[in-house]
S.K.: 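Got a structure for you, written out below as structure tokens; questions coming shortly.
Below, all heavy atoms of this structure are taken into account, side chains as well, without hydrogens, waters or symmetry copies. Atoms within each ligand, like the ligands themselves, are counted from 1 in listed order.
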Amino acid sequence: MGIFSEMEEYDYEQLVFCQDKSTGLKAIIAIHDTTLGPALGGTRIYDYKTDEEAIIDALRLARGMTYKNAAAGLNLGGGKAVIIGDPKKIKSEALFRAFGRFVEGLNGRYITGEDMNMTQQDAAYINCETNYIVGLETGSGNPSPMTAYGVFKGMQAAVNEVYGSDDLEGKTVAIQGLGAVGKLLAELLHEAGAKLFVTTRDQAKIDKAVAELGATAVGQDEIYGIECDVFSPCAIGAIINDKTIEKLKCKIIAGSANNQLAEAKHGDILEEKGILYVPDYVINSGGVINIIDDISGREYSKENAMKNTAKIYDACKKVFEIANRHGIPTYRAADKMAEDRIASVGKIKTIYNRK
Ligand code: NAD
């Protein structure tokens, strides 16, 4: 693998390799683009089979954060870190503090947070060495409630686009995954009068949704073919793929899962089928919007976070407008919205200003 050619392909700024023999730390920090501000993106711990796999994942995830942060209207660029190793074996206070020192060494060019296989305690150890970390229990904390609220607002925007009204009363929504986000989203939808179809891996969660929210339980494969207004993927990525796309009988796809389209062509096929796809990184950005107070050093305000997250409605509407105006699928319209913002801010005239 040619590291510089990989970086050149999508114009990455910086790739940092962090090694500390005494703690066993092997980490990679990828900074994609800081035109809009410091690169924000969580740290993922994963047992990658090869270093190359870890580099590619860090690069891919960092670029995804550039688009997500730009589309959310945040003054933040995109970055991501991966710590290589089995999360059940490698974790220690010293390892996270060693990583924290590397983050501190970037002097604010990269701001981290929790991602896959990381806990609040792990984040607290990193915070012993650097303040360039967000989403701590002492700050904005668990992002899932705001992510769920943002998906709810984005779903309203999509329903408005298709049916001419935000009202979810009587609309049918098929939710895949009742985890941290899916469960809260189901509650919000139930309160709004939607009829729910649900599936998840944990039977107890299904039973609870049936008993408390009047949801109808369906099988894990059955969820794709449910005739409904909205299919809401809130479990895993790549669920819109060659096998599932022909089964879909929904009018809208709006859910929290990351990387819902297995390949770009699936976004084109949804467009051809007349299904309105709400781009994942636009609708699921409530979690990053939730950390605005942490970044600016203000005390966390849930009210402010909700006010800002509600703007996901407008962001989704803007994506639909760009898609309609340019005759392009919504997933491409979202990229265009993010790229246009970065390009326009990047073009601001440089004036002499003695520091
Ligand atoms: P979670 O792990 O708490 O929940 C995922 C749920 O999906 C689990 O209950 C699991 O049983 C279920 N599931 C897994 N595979 C399934 C399958 N094949 N069929 C049906 N159910 C299945 O995760 P979460 O925090 O709720 O996040 C859900 C999705 O949203 C993920 O893709 C995540 O990356 C994305 N996301 C989450 C946040 C957040 O704030 N938590 C923010 C942005 C994006």
Side-chain angles (χ1 to χ4, degrees), residues 40-46 57 60-61 64-65 67-69 71-72 74 78 80 87 113-120 123 134-136 139-155 173-189 196-209 215-226 231-241 243-244 247 253-262 278-292 294 302 305-306 308-309 312 315:
L40 172 84
T43 296
R44 171 170 294 198
I45 308 171
Y46 195 76
D57 208 27
R60 182 181 63 86
L61 293 165
M65 289 307 298
Y67 281 80
K68 183 178 209 160
N69 295 336
L74 301 173
K80 201 86 181 183
E114 247 186 77
D115 196 66
M116 193 188 282
N117 294 323
M118 238 183 85
T119 65
Q120 282 283 328
V134 291
L136 298 166
S140 61
N142 179 9
S144 306
M146 219 47 74
T147 303
Y149 179 60
V151 173
F152 179 79
K153 296 307 291 180
M155 201 180 285
V173 183
I175 304 179
Q176 179 183 46
L178 292 173
V181 178
K183 176 184 164 288
L184 296 172
L185 176 66
E187 288 170 8
L188 290 172
L189 290 168
L196 305 177
F197 293 89
V198 295
T199 187
T200 201
R201 289 217 165 124
D202 181 343
Q203 189 59 41
K205 286 183 184 159
I206 294 180
D207 294 345
K208 205 162 180 282
T216 304
V218 299
Q220 280 181 36
D221 285 334
E222 213 186 323
I223 194 88
Y224 301 103
I226 298 292
F231 170 47
S232 185
C234 296
I236 48 169
I239 34 70
I240 310 295
N241 54 44
K243 283 195 186 131
T244 60
K247 297 183 192 171
I253 298 177
S256 74
N258 281 314
N259 305 316
Q260 293 171 24
L261 304 175
V278 188
D280 44 19
Y281 68 77
V282 179
I283 197 171
N284 75 11
S285 61
V288 285
I289 293 172
N290 197 42
I291 51 88
I292 293 174
D294 294 352
K302 187 178 171 195
M306 283 186 79
N308 290 323
T309 301
I312 288 177

S.K.: Return yes or no for this condition: an N or O of D202 is under 3.5 Å from an N or O of ligand 1.
M.R.: no
S.K.: Evaluate the side-chain proximity of K208 to L178: yes if any heavy-atom separation is below 4.5 Å, no if none is.
M.R.: no
S.K.: Which atoms of ligand 1 are found less than 4.0 Å from any heavy atom of P143?
M.R.: 40 (O)
S.K.: Going by heavy-atom distance to atom 26 (O) of ligand 1, choose the closest among V151, I206, V181.
M.R.: V181
S.K.: If we only count N/O pairs under 3.5 Å, is G237 in contact with ligand 1?
M.R.: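 G237 vs ligand 1: no N/O contact under 3.5 Å.
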S.K.: For the CZ atom of F231 and the CD1 atom of I239, what is their distance to the nearest 0.5 Å?
M.R.: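 Between F231 CZ and I239 CD1, I get 5.0 Å after rounding to 0.5 Å.
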S.K.: Please report the C-alpha distance between T200 and D202 in whole Å, then the side-chain angles of each, then the deciding distance to 0.1 Å, and finally whether the side chain to side chain donor-acceptor pair (under 3.5 Å) criterion is met.
M.R.: CA-CA 6 Å; T200 201; D202 181 343; over 6 Å; no
S.K.: Looking at atom 17 (C) of ligand 1, what's its closest protein heavy atom, distance included?
M.R.: Q220 OE1, 3.9 Å
S.K.: Measuring from non-hydrogen atoms of M116 to any atom of ligand 1, is the shortest distance under 4.0 Å?
M.R.: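 The answer is no, since M116 has no heavy atom less than 4.0 Å from ligand 1.
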S.K.: Among G219, G179, G135, whose heavy atom sits nearest atom 4 (O) of ligand 1?
M.R.: G179
S.K.: Would a 4.5 Å heavy-atom cut-off, applied to side chains only, mark M118 and T43 as touching?
M.R.: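 Result yes, sub-4.5 Å side-chain heavy-atom pair found.
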S.K.: Does K205 reach the side chain of K183, with side-chain heavy atoms less than 4.5 Å apart?
M.R.: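 No, too far: nothing below the 4.5 Å cut-off.
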S.K.: Counting N and O atoms only, with roles assigned by atom type, does the side chain of T147 sit under 3.5 Å from a partner on the main chain of G287, one being a donor and the other an acceptor?
M.R.: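 Flag set: sc T147 to bb G287 pair under 3.5 Å.
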S.K.: Do me a favour and list the nearest non-hydrogen protein atom to atom 23 (O) of ligand 1 with residue, atom name and distance?
M.R.: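 Atom 23 (O) of ligand 1 sits closest to the protein heavy atom A180 N, 4.5 Å.
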S.K.: Between I236 and ligand 1, is there a nitrogen or oxygen pair with a distance under 3.5 Å?
M.R.: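 I236 vs ligand 1: no N/O contact under 3.5 Å.
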S.K.: For R201 and ligand 1, does the shortest N/O to N/O distance drop below 3.5 Å?
M.R.: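 Yes, R201 has an N/O under 3.5 Å of an N/O on ligand 1.
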S.K.: Could you tell me whether a side-chain N or O of N259 sits under 3.5 Å from a main-chain N or O of G237, the two making a donor and an acceptor?
M.R.: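 Side chain of N259 to backbone of G237, a donor-acceptor pair under 3.5 Å: no, none is there.
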S.K.: Mind running side chain to side chain contact (heavy atoms under 4.5 Å, CB included) on F152 and L189 for me, showing each step along the way?
M.R.: CA-CA 7 Å; F152 179 79; L189 290 168; 3.8 Å; yes
S.K.: Heavy-atom distances under 4.0 Å decide this one: backbone, side chain, both or neither, for K205 against ligand 1?
M.R.: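 K205 to ligand 1: side-chain contact only, backbone stays beyond 4.0 Å.
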S.K.: Would you compute the distance between atom CD1 of I253 and atom CE of M155 and round it to the nearest 0.5 angstrom?
M.R.: 11.5 Å
S.K.: Can you find an N/O atom of G182 closer than 3.5 Å to an N/O atom of ligand 1?
M.R.: no
S.K.: Looking at residues at least two apart in the chain, or sitting in another chain, which of them share a side-chain hydrogen bond (donor to acceptor under 3.5 Å, both in side chains) with N241?
M.R.: T244
S.K.: Test: side-chain hydrogen bond (donor to acceptor under 3.5 Å, both in side chains). Region: residues 215-226. Which pairs qualify, not counting sequence neighbours?
M.R.: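 Matches after skipping sequence neighbours: Q176-Y224.
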S.K.: Kindly determine whether S232 and L185 satisfy side chain to side chain contact (heavy atoms under 4.5 Å, CB included), including the steps that lead there.
M.R.: CA-CA 10 Å; S232 185; L185 176 66; 3.4 Å; yes
S.K.: Can you tell me the protein heavy atom closest to atom 34 (O) of ligand 1 and the distance?
M.R.: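 Going atom by atom, the protein heavy atom closest to atom 34 (O) of ligand 1 ends up being N258 ND2, 3.0 Å.
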S.K.: What residue and heavy atom of the protein are closest to atom 41 (N) of ligand 1, and at what distance?
M.R.: S144 OG, 3.2 Å
S.K.: For ligand 1, which is the ligand I care about here, please tell me if N284 has any N or O atom under 3.5 Å from one of the ligand's N or O atoms.
M.R.: no
S.K.: May I ask you to identify the nearest protein heavy atom to atom 28 (C) of ligand 1, giving residue, atom name and distance to one decimal place in Å?
M.R.: C234 O, 3.3 Å
S.K.: Just let me know how I239 lines up against ligand 1, side chain, backbone, both or neither, with a heavy-atom cut-off below 4.0 Å.
M.R.: neither
S.K.: Just verifying a value: how many Å separate S140 OG and K302 NZ, rounded to the nearest 0.5 Å?
M.R.: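 Here the rounded value is 13.0 Å.
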S.K.: Checking contacts now, so for atom 36 (N) of ligand 1, which I'm interested in, is there any protein heavy atom under 4.0 Å?
M.R.: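 When distances to the protein are checked, atom 36 (N) of ligand 1 has a heavy atom within 4.0 Å.
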S.K.: Is A235 close enough to touch ligand 1? Criterion: a residue heavy atom under 4.0 Å from a ligand atom.
M.R.: yes
S.K.: Where is the nearest protein heavy atom to atom 30 (O) of ligand 1: which residue, which atom, and how far?
M.R.: S256 OG, 2.9 Å
S.K.: Using heavy-atom distances, let me know which of D115, I223, T147, N142 sits nearest atom 39 (C) of ligand 1.
M.R.: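 Among D115, I223, T147, N142, the closest heavy atom to atom 39 (C) of ligand 1 comes from T147.
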S.K.: Where is the nearest protein heavy atom to atom 21 (N) of ligand 1: which residue, which atom, and how far?
M.R.: T200 CA, 3.4 Å
